[in-house]
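A short worksheet on the structure shown next.
All values derive from a computational prediction rather than experimental measurement. Positions are given from 1, in the same order as the sequence printed here.
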Amino acid sequence: MQYRREIDGLRTIAVIPVILFHAGLSLFSGGFVGVDVFFVISGYLITSIIINDIEQDQFSILRFYERRIRRILPALYFVMLISTLFAWFLMLPDQLENYGQSMVATTAFSNNLLLAMTTGYWDVLTELKPLVHTWSLAVEEQFYVVFPLLMLIIWKGPRWRVVTITVALSVLSLAAAEWGLRHLGAGHFYLPHSRAWELLAGSLCAFALFGKSPKRNDPAALLGLALIAFAIFAYDETTPFPSVYGLAPVVGTALIILFATQD
């Protein structure tokens, strides 16, 4: 897979607003959408790798997960170790008990499910959960339990069928996000079926660019950047999320992937 420097730049655009949002800077009230940008990037990169391996008859489920493990676990365990040292000295017993639960859930890539059952994203108590950010990692890993198997089944068929199935799943996921917003409460923020459409948007970008380089279109790429910036500065904790409001950062990210180059 061709290295794209502009994707690393897009990662930077995503991560800085998330950090500043959690730091409490009101200017970046919608900085949480950086996670949605990451989901699209992840969907694009992982799908590109999967379909490239399938085309070359080199794809292996075991090797796919082995690469994910080598990429994720060392950094994850380091974060958990440092967090545990601080938690041991700073937390009260009941807080430490909750932290232990989140450690187990994080190790099992299911902290998002624990959070969905116990809290809302903007509750004050989340500030006492050092591993709260691992919810997005859990969503990704749950998605990648199913998605590679789906690609093995559908990729060898006609491309129109691959695209149709992916679009249909994306629409269903977005519809589930809208439904959950009205019926499942704040914990809905963390659920994988409400976020799958964002990863699948990245997959659609991978399909569109498979075997070719992005066709440079600066106005389209700048529009994408503007959509992301709009969400970062205009959204806040009152913005219903995840929902159709997520289209701004997701479509913006897709436009950058499809039309931006390192120039």
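Residues passing the ring-ring contact (aromatic ring centres under 6.0 Å, His included) test with Tyr144: none are found, sequence neighbours excluded. Partners of Thr84 under the side-chain contact (heavy atoms from CB on, under 4.5 Å) rule, at least two apart in sequence or in another chain, are Tyr99, Met103. For Glu97, there are no side chain to side chain donor-acceptor pair (under 3.5 Å) partners at least two apart in sequence or on another chain. Partners of Phe207 under the ring-ring contact (aromatic ring centres under 6.0 Å, His included) rule, at least two apart in sequence or in another chain, are Trp155. Taking Phe109 as the reference, nothing meets the ring-ring contact (aromatic ring centres under 6.0 Å, His included) condition, with sequence neighbours excluded. Take Arg67 and apply the salt bridge (Lys or Arg N to Asp or Glu O under 4.0 Å) test, not counting sequence neighbours, and it matches Asp53. With sequence neighbours excluded, the residues forming a salt bridge (Lys or Arg N to Asp or Glu O under 4.0 Å) with Arg70 are Glu66, listed by chain and number. With sequence neighbours left out, the ring-ring contact (aromatic ring centres under 6.0 Å, His included) criterion links Phe59 to no other residue. Every side chain to side chain donor-acceptor pair (under 3.5 Å) that Glu6 has, sequence neighbours left out, goes to Arg4.
For residues 204-224, the set of pairs meeting the side chain to side chain donor-acceptor pair (under 3.5 Å) definition, not counting sequence neighbours, comprises Gln2-Ser213, Arg216-Asp218.
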With a 3.5 Å cut-off and sequence neighbours excluded, list the donor-acceptor pairs that the side chains of residues 252-263 form with protein atoms.
from, atom 1, to, atom 2, distance (Å)
Thr253, OG1, Pro249, O, 2.7
Thr261, OG1, Asp263, N, 3.3

Solution key, residues 175-183 side-chain donor-acceptor pairs under 3.5 Å, sequence neighbours excluded:
from, atom 1, to, atom 2, distance (Å)
Glu178, OE1, Arg182, NH1, 2.7
Glu178, OE1, Arg182, NH2, 3.3
Glu178, OE2, Val244, N, 2.8
Trp179, NE1, His183, ND1, 3.3
Arg182, NH1, Glu178, O, 2.8
His183, ND1, Trp179, O, 2.9

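Within the 4.5 Å cutoff, side-chain heavy atoms of Asn112 are placed close to those of Gln142.
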